[in-house]
Amino acid sequence: KAGVTQTPRYLIKTRGQQVTLSCSPISGHRSVSWYQQTPGQGLQFLFEYFSETQRNKGNFPGRFSGRQFSNSRSEMNVSTLELGDSALYLCASSLGPRALTDTQYFGPGTRLTVL
Amino acid sequence: DQQVKQNSPSLSVQEGRISILNCDYTNSMFDYFLWYKKYPAEGPTFLISISSIKDKNEDGRFTVFLNKSAKHLSLHIVPSQPGDSAVYFCAASGVPGNTGKLIFGQGTTLQVKP
């Protein structure tokens with residue numbers, strides 16, 4: 001079974017631009033969560049989607065948004081990029097809506113660099 | 001307010017010996033705990049998990065212990081191998097109203113010396 005795939009793997013943008021990242025979950029998984037990893041803040045939760053609905057959101061500004069499609073694929077968008085948005089963006093999929101032991105499996109991530 | 005803490009940033013052990021990685025949490029509502037292994041510039045790889053109804057779960061060389069009264073969990077790797085060298089994250093989930101959200105510790109870098 002194929003794992004979680006994320007595209008693109010690497011991205012370089014300049015301040016003020018916007019970016020869209022894509023995530024395809026493991027086949028049969030219906031929940032997709034997004035995380036940001038930075039050296040200073042570690043792994044932080046952005047949001048979770050299930051059945052095309054955002055079920056949970058972390059403490060990030062409104063510039064960070066996402067959506068999920070009927071095939072469970074998800075995209076996240078960051079508008080008006082700032083230098084501090086440079087990070088590894090990780091997508092994770094799980095069966096959801098969660099059973100007690102719903103495990104999240106991560107993709108390889110998208111490395112975003114903002115210049 | 002860090003709800004999941006890994007107080008040891010790094011750990012070095014000799015090949016063949018036991019590696020013990022520790023994790024503490026503060027929120028008693030957490031009901032599911034996971035350990036992930038991560039290499040630089042890659043996504044975390046799921047290793048092992050434990051639900052709050054258990055105090056031990058074993059999978060090959062990996063064993064996770066949960067002490068709910070102390071709000072502490074640990075990952076034991078026996079025997080340690082050089083390929084185990086990576087950053088290990090513990091994560092917790094299960095707070096009602098925040099399902100699907102994993103709270104991660106800051107990670108412990110494990111180095112296994114040949």
Side-chain angles (χ1 to χ4, degrees), chain A residues 3-6 9-10 23 25-26 29-51 53-60 66 68 74 87-113, chain B residues 1-10 23 25 27 29-54 56-57 59 62 64 66 73 86-109:
Chain A
V4 178
T5 58
Q6 292 186 246
R9 291 293 312 276
Y10 302 93
C23 171
I26 292 170
H29 284 193
R30 299 172 64 194
S31 177
V32 173
S33 297
W34 288 88
Y35 296 83
Q36 180 196 65
Q37 186 187 23
T38 58
Q41 298 298 318
L43 277 150
Q44 292 193 295
F45 173 80
L46 279 157
F47 26 65
E48 182 210 7
Y49 286 87
F50 174 76
S51 290
T53 301
Q54 186 180 90
R55 299 179 66 238
N56 204 349
K57 190 177 191 303
N59 295 325
F60 280 82
Q68 186 180 34
S74 177
L88 181 67
Y89 290 88
L90 293 158
C91 166
S93 78
S94 63
L95 290 168
R98 61 183 301 278
L100 183 63
T101 58
D102 195 18
T103 298
Q104 295 187 21
Y105 296 89
F106 285 82
T110 295
R111 169 67 64 183
L112 172 64
T113 302
Chain B
D1 175 30
Q2 199 165 348
Q3 299 186 67
V4 178
K5 297 180 183 179
Q6 294 176 255
N7 291 318
S8 298
S10 62
C23 180
Y25 61 96
N27 194 331
M29 299 296 287
F30 288 140
D31 62 8
Y32 189 49
F33 303 90
L34 309 93
W35 283 94
Y36 290 87
K37 172 182 177 181
K38 190 179 184 302
Y39 296 110
E42 293 184 10
T45 300
F46 170 71
L47 281 174
I48 192 169
S49 63
I50 188 167
S51 74
S52 59
I53 61 174
K54 295 185 176 181
K56 177 183 175 182
N57 189 24
D59 184 1
F62 301 92
V64 56
L66 176 62
L73 64 154
V87 180
Y88 288 78
F89 289 93
C90 68
S93 71
V95 176
N98 275 301
T99 58
K101 175 180 181 179
L102 289 177
I103 308 295
F104 283 87
Q106 291 296 97
T108 297
T109 300

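A, B, ... follow the sequence lines: proteins, then strands. Residue 1 opens every chain. Predicted model, so just to flag it, every value in this text is computed and none were measured.
Proximity to chain B involves both the backbone and the side chain of A/L43, based on heavy atoms less than 4.5 angstrom apart. When heavy atoms are compared at a cutoff of 4.5 Å, B/Y36 approaches chain A solely by way of its side chain, counted from C-beta outward. With a threshold of 4.5 angstrom between heavy atoms, A/Q41 approaches chain B through N, CA, C or O but not through any side-chain atom. With a 4.5 angstrom heavy-atom cutoff, A/F47 does not touch chain B via any of its atoms.
For B/Y88, there are no side-chain hydrogen bond (donor to acceptor under 3.5 Å, both in side chains) partners, not counting sequence neighbours. Listed by chain and number, the residues in a side-chain hydrogen bond (donor to acceptor under 3.5 Å, both in side chains) with B/D59 amount to none (sequence neighbours excluded).
Taking the six-membered ring where tryptophan is involved, the planes of A/F106 and B/F104 are perpendicular, since the angle between them exceeds 60° and thus also 30°.
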Requested in this report: Please step through side-chain hydrogen bond (donor to acceptor under 3.5 Å, both in side chains) for the pair B/Y32 and A/T103, ending with a clear verdict.
Outcome: CA-CA 9 Å; B/Y32 189 49; A/T103 298; 2.6 Å; yes

